[in-house]
Amino acid sequence: MLVELTMRRTAGEPVGDSPVDGIRILALLPERWRKDLRQATGDVVIRVHTDEDVTGAQIRAEAVEALTDPAISHWELAGCHVLTLGRHGPGKNAP
């Protein structure tokens with residue numbers, strides 16, 4: 001499954017241009033996932049690819065759990081969009 005996670009700072013936090021928080025979030029997501037940091041300034045966008053049998057809801061729950069780490073707790077999950085449903089699912093050849 002291929003999923004795009006979007007995180008944004010919680011209300012009241014200033015937006016920085018440093019990718020450090022994006023890298024921290026990436027590191028706190030499960031090691032068994034293949035991850036790609038797509039955007040790290042403003043919102044953080046990470047694509048997650050997993051071959052295991054999981055649902056988008058399970059991926060969302062693990063991302064929310066990672067965001068409870070005190071170093072990045074000023075971030076919240078804003079979106080969890082499934083891009084493909086499996087090896088032969090829709091969107092496999094999409095740009």
Side-chain angles (χ1 to χ4, degrees):
M1 178 178 293
L2 182 62
V3 174
E4 191 168 82
L5 302 171
T6 303
M7 279 72 58
R8 72 174 51 117
R9 288 182 180 272
T10 56
E13 289 290 327
V15 175
D17 288 333
S18 173
V20 172
D21 280 348
I23 294 166
R24 286 180 177 149
I25 294 168
L26 189 70
L28 289 167
L29 293 172
E31 288 183 26
R32 66 187 181 278
W33 295 348
R34 290 188 303 268
K35 303 166 290 256
D36 178 31
L37 184 60
R38 309 289 287 178
Q39 178 180 324
T41 56
D43 289 349
V44 170
V45 179
I46 297 173
R47 281 201 179 166
V48 171
H49 184 266
T50 176
D51 288 330
E52 58 194 48
D53 208 14
V54 297
T55 65
Q58 290 169 316
I59 292 172
R60 172 184 283 277
E62 292 218 38
V64 168
E65 176 64 26
L67 293 173
T68 64
D69 185 282
I72 56 161
S73 62
H74 54 278
W75 289 88
E76 63 186 356
L77 186 64
C80 177
H81 304 286
V82 176
L83 302 177
T84 61
L85 298 176
R87 294 175 193 250
H88 303 290
K92 183 174 188 261
N93 296 321

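Atoms considered below: every heavy atom in the structure, side chains included; atoms not considered: hydrogens, waters and symmetry mates.
- Hydrophobic cluster membership is shared by Trp75 and Val64, with clusters built from Ile, Leu, Val, Met, Phe, Trp and Tyr side chains linked at under 4.5 angstrom.
- Proximity of Ile46 to Arg38: side-chain heavy atoms (C-beta onward) are nowhere separated by under 4.5 Å.
- Residues Gly79 and Arg60 approach most closely at C-NH2, 4.4 Å, considering heavy atoms.
- For the pair Ile59/Thr50, a side-chain contact is recorded, criterion being any heavy-atom separation below 4.5 Å from C-beta on.
- Between Arg24 and Ala71, the shortest heavy-atom contact is NH1-O, 4.2 Å.
- Between Leu29 and Leu5, some side-chain heavy-atom pair lies under the 4.5 Å cut-off.
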Worked verdict on Leu28 versus Ile72 for side chain to side chain contact (heavy atoms under 4.5 Å, CB included): CA-CA 10 Å; Leu28 289 167; Ile72 56 161; 3.5 Å; yes

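- When side chains are defined from C-beta on, Asp69 does not count as touching Leu67, because their heavy atoms never get closer than 4.5 Å.
- Shown here for Gly56 and Cys80, the closest heavy-atom pair between the two residues is O-SG, 3.8 Å.
- Annotation: side chain of Val45 is not in contact with side chain of Leu37 (no heavy-atom distance under 4.5 Å).
- Ile25 has its side chain within reach of Met7: a pair of non-hydrogen atoms, C-beta onward, lies under 4.5 Å apart.
- Of the inter-residue distances, the one linking His74 atom NE2 with Arg9 atom CZ reads 4.0 Å to the nearest 0.5 angstrom.
- The side-chain heavy atoms of Thr68 and Glu65, taken from C-beta on, include a pair separated by under 4.5 Å.
- The side-chain heavy atoms of Lys35 and Arg47, taken from C-beta on, include no pair separated by under 4.5 Å.
- A salt bridge links Arg34 with Asp51: at least one charged nitrogen is closer than 4.0 Å to a carboxylate oxygen.
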Candidate pair Asp21 and Ile23, rule side chain to side chain contact (heavy atoms under 4.5 Å, CB included), full reasoning: CA-CA 5 Å; Asp21 280 348; Ile23 294 166; over 6 Å; no

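- Of all non-hydrogen atoms in Glu62 and Pro30, the two that sit nearest each other are OE1-CG, 2.9 Å.
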